[in-house]
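Structure first, commentary second.
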Amino acid sequence: MKRVLACVATAALALTACGGKTDPLAGPSSTAAPVAADTITIGSANFTESTLLAEIYAAALEGKGVKVSKKLNIGSRETYFKGLQDGSIDLIPEYTGNLLLHLNKEAKETVDNEVYGALEKALPDNLIVLDKSDAEDKDAVVVSKETAEKLGVKSIADLAAKGPVVFGGPPEFQKRADGLPGLKANYNLEVSEYKSLDVGGPLTVDALKSGAVQAADLFTTDVAITANGFVVLEDPNSNFSAQNVVPLINKAKASDNVKKVLNAISAKLTTEILLELNGKLAAPDKPDPAKVAKDWLASAGI
Amino acid sequence: MWEWLTNPDNWTKTFGTPGIPQRLAEHLQYTAVAVVIAALIAVPLGAYIGHTGRGGTFVVGMVNAFRALPELGLLILLALSMGVLLAFEAMTITLVLIAVPPMLAGTYAGIRNVDQSAVDAARGMGMREREVLVKVELPNALPLILGALRTATLQVIATASIAAFVSLGGLGRFVVDGLALREFDQMAGGAVLIAALAIVVELVLAGAQWLVVSPGLRAPRSRKRKATT
Amino acid sequence: MTWVLDHVDQLLSLSAYHLWLALLPLVLGLLIALPLGWVASRYYWARVILVPAAGLLYTIPSLALFVLMPLILGTLILDPLNVQIALTVYTVALLVRVVADALAAVPATVAAAATAMGYRPVGRFFAVDLPLALPVLLAGVRVATVSNISLVSVGSLIGVHGLGQALTEGFQRDNYAEIIAGIVLIVVLALAVDAVLVLVGRVLTPWARIGGRR
């Protein structure tokens with residue numbers, strides 16, 4: 001039955017050939033082959049603000065003639081950092097405090113300049129950080145308005161004094177230096193149960209709203225905090241250090257042109273702008289981060 | 001990975017994070033609840049469709065369509081819309097939707113494949129339709145029904161690992177946390193535990209099937225006589 | 001709904017990439033499973049080893065296998081090969097048993113007749129055994145295809161984005177339209193490929209359509 005064999009073989013070849021041709025259609029984010037040496041691959045973490053910042057970097061760099069390839073929505077820092085080390089990505093927007101703690105769990109600096117200085121020293125040889133921005137997005141322990149009023153708490157110390165709580169946040173918060181271990185060390189906060197939710201996303205917001213958790217880890221630039229009347233507990237012992245937005249880049253790809261563009265962005269970004277852009281992204285019609293990024297760049301004159 | 005599996009700390013409750021035995025119990029709980037509910041839906045429905053012969057193509061089409069459903073997507077959708085407080089219910093709905101199609105198909109096929117002469121004899125003896133179904137067709141269809149139950153249970157055990165994405169427990173917790181923390185020993189340990197659980201449950205169910213199915217129906221272990229080349 | 005209409009091109013290119021991620025492992029897996037299954041159908045000892053081993057592989061949770069691939073293979077973290085090779089493993093695990101059963105179900109009398117007509121073993125395999133085993137084989141391939149298409153969505157959790165991106169991104173941004181679009185497209189894609197496979201099966205087995213019971 002040579003005819004049968006021929007049919008099967010053709011079908012198989014057609015399928016694979018089909019697949020091969022459609023690969024480029026998927027856009028720059030699909031290439032697995034090594035990218036050209038002059039292209040910068042920009043990555044982002046698994047939360048929307050990171051993608052927004054990555055899109056801002058990408059649009060600005062492309063506008064200045066740099067070739068850019070994007071690999072967005074990779075995962076937690078523990079995941080994408082490996083990508084920086086093995087060359088899968090070259091550039092990613094980062095936050096000074098958390099990056100420092102990732103590199104050195106024992107780091108004690110909390111003030112922005114000190115954190116930045118320590119960070120420069122702690123980075124491996126092939127990676128550097130460029131200028132830091134004034135814009136900050138910190139983790140925070142957040143409770144609902146009802147919980148704040150019922151327990152009469154204004155700071156994390158107050159909360160710790162009330163006894164063990166049910167806490168919600170991303171899975172990595174359980175082990176991060178400024179996560180549960182840090183809260184325990186700085187405030188003696190006991191956790192009766194930890195619910196692994198998402199990275200400051202709708203699941204965590206819902207858990208706080210419905211009372212499934214009493215306190216949660218959210219980000220300070222999240223519009224859901226004001227939208228739902230949540231209360232950000234004060235952090236007098238500085239468990240959460242300064243978190244300035246900063247580009248983390250492979251030294252080999254940091255040409256003068258690239259540095260100029262990224263530093264210009266960092267100079268213009270502020271925490272208020274982050275809040276405003278996050279608000280735009282959270283609107284019901286869910287605009288693309290790429291579009292929001294381009295609009296802001298145009299209005300900021302970059 | 002072996003260090004993680006043999007570390008006694010992981011087998012007891014530590015710092016608000018439950019250890020392996022609790023996660024195992026949770027995983028079994030999710031599985032059992034879903035399989036029982038799915039059986040209560042699929043077996044009567046499949047028996048009815050198989051017995052009356054109506055809706056056979058519907059069964060085949062539905063089974064195919066449901067096999068294509070991405071479980072993770074469905075779970076996310078349900079968890080977001082129902083809220084975290086109902087995460088367990090969202091998980092159960094997802095698992096039931098995964099377990100029903102194979103059990104429905106298995107029951108339907110089992111009833112359809114019952115020896116028609118036995119059914120005719122039963123009718124000839126004066127049994128009413130419902131008695132024919134319950135006393136003749138179902139016991140004869142038992143091997144296929146139980147086989148489908150085993151398949152469905154294994155699929156549910158494998159899929160229940162995604163419960164960890166929406167704050168629930170189960171053995172998937174180690175896989176998800178291990179992924180977020182890049183702790184491969186925890187992740188691999190979780191994967192091994194899930195696979196081991198699947199094997200153990202499969203053996204237990206196979207044993208139960210051997211006990212329950214009438215000896216007359218046991219398929220002989222035939223060695224195919226190969227034609228000499 | 002407007003979100004979906006605004007993002008049709010993006011969804012279409014994600015679908016195409018999704019198919020590429022799912023179907024290459026299918027073809028590779030089939031090519032690997034054929035010889036393995038053939039060995040398992042002829043020799044009892046091979047069957048006893050291969051079929052349970054395949055069953056074991058299939059119970060490994062997909063996410064764990066995807067993540068462990070870079071460690072086992074030494075690939076880059078974000079390489080789509082991680083997803084494709086893991087899916088090939090699952091396909092082989094699923095199809096080895098199917099191939100073994102399908103080949104074992106070829107009636108001994110037909111095989112004997114073919115040999116008597118002068119077919120050598122290899123020729124007999126391609127000319128007689130394989131075509132007769134095709135219906136059962138095709139059923140297995142259909143299951144493997146649908147399963148692969150569904151599993152590719154899990155790859156988004158490690159940054160390899162097919163249609164699963166609509167699921168993870170929709171999750172992060174609380175965008176129901178995106179999540180539903182992702183789920184619907186994955187199901188539609190799977191059913192479409194399944195229908196194509198059914199057609200291919202009908203073309204390849206003309207004798208099954210002539211007379212006889214369904």
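All chains are named by letter (A, B, ...) in the order of the sequence lines, taking the proteins before the strands, and each is independently numbered beginning at 1.
Between chain B and the residues C:L68, C:I180, C:I60, C:V143, the largest count of heavy-atom pairs under 4.5 Å involves C:V143. Ranked by heavy-atom pairs shorter than 4.5 Å toward chain B, the options C:L65, C:V188, C:I183 are led by C:I183.
Of the atoms belonging to C:L157, heavy atoms from both backbone and side chain fall under 4.5 Å from chain B. Contacts of B:A198 with chain C are made by side-chain atoms alone, with heavy-atom separations under 4.5 Å and no backbone atom involved. Contact annotation for B:L179: only side-chain heavy atoms (C-beta onward) come within less than 4.5 Å of a heavy atom of chain C.
The two residues B:I194 and C:P61 make their nearest non-hydrogen contact at CD1-CG, 3.6 Å. Counting all heavy atoms, side chain and backbone alike, C:L63 lies closest to B:M187 at O-CE, 4.0 Å.
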When the side chains of residues 71-85 of chain B are checked against the rest of the protein, which donor-acceptor pairs come out under 3.5 Å, sequence neighbours left out?
| from | atom 1 | to | atom 2 | distance (Å) |
| --- | --- | --- | --- | --- |
| B:S81 | OG | B:L77 | O | 2.7 |
| B:S81 | OG | B:L78 | O | 3.2 |

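Interatomic distance, CZ of B:F165 versus OG1 of C:T168, reported as 10.5 Å (0.5 Å rounding).
For C:F125, the CZ atom is densely surrounded, since the number of other residues' heavy atoms within 6.0 Å is greater than 12.
The closest side-chain heavy-atom distance from B:P70 to C:V154 is not below 4.5 Å.
Proximity to chain B among residues 171-179 of chain C is limited to C:F171, C:D174, C:Y176, C:I179, judged by heavy-atom separations below 4.5 angstrom.
Screening residues 132-148 of chain C for salt bridge (charged side-chain N to carboxylate O under 4.0 Å, His left out), with sequence neighbours left out, gives C:R142-C:D194. Residue pairs meeting the salt bridge (charged side-chain N to carboxylate O under 4.0 Å, His left out) criterion with at least one member in residues 47-56 of chain C, sequence neighbours excluded: C:R47-C:D101.
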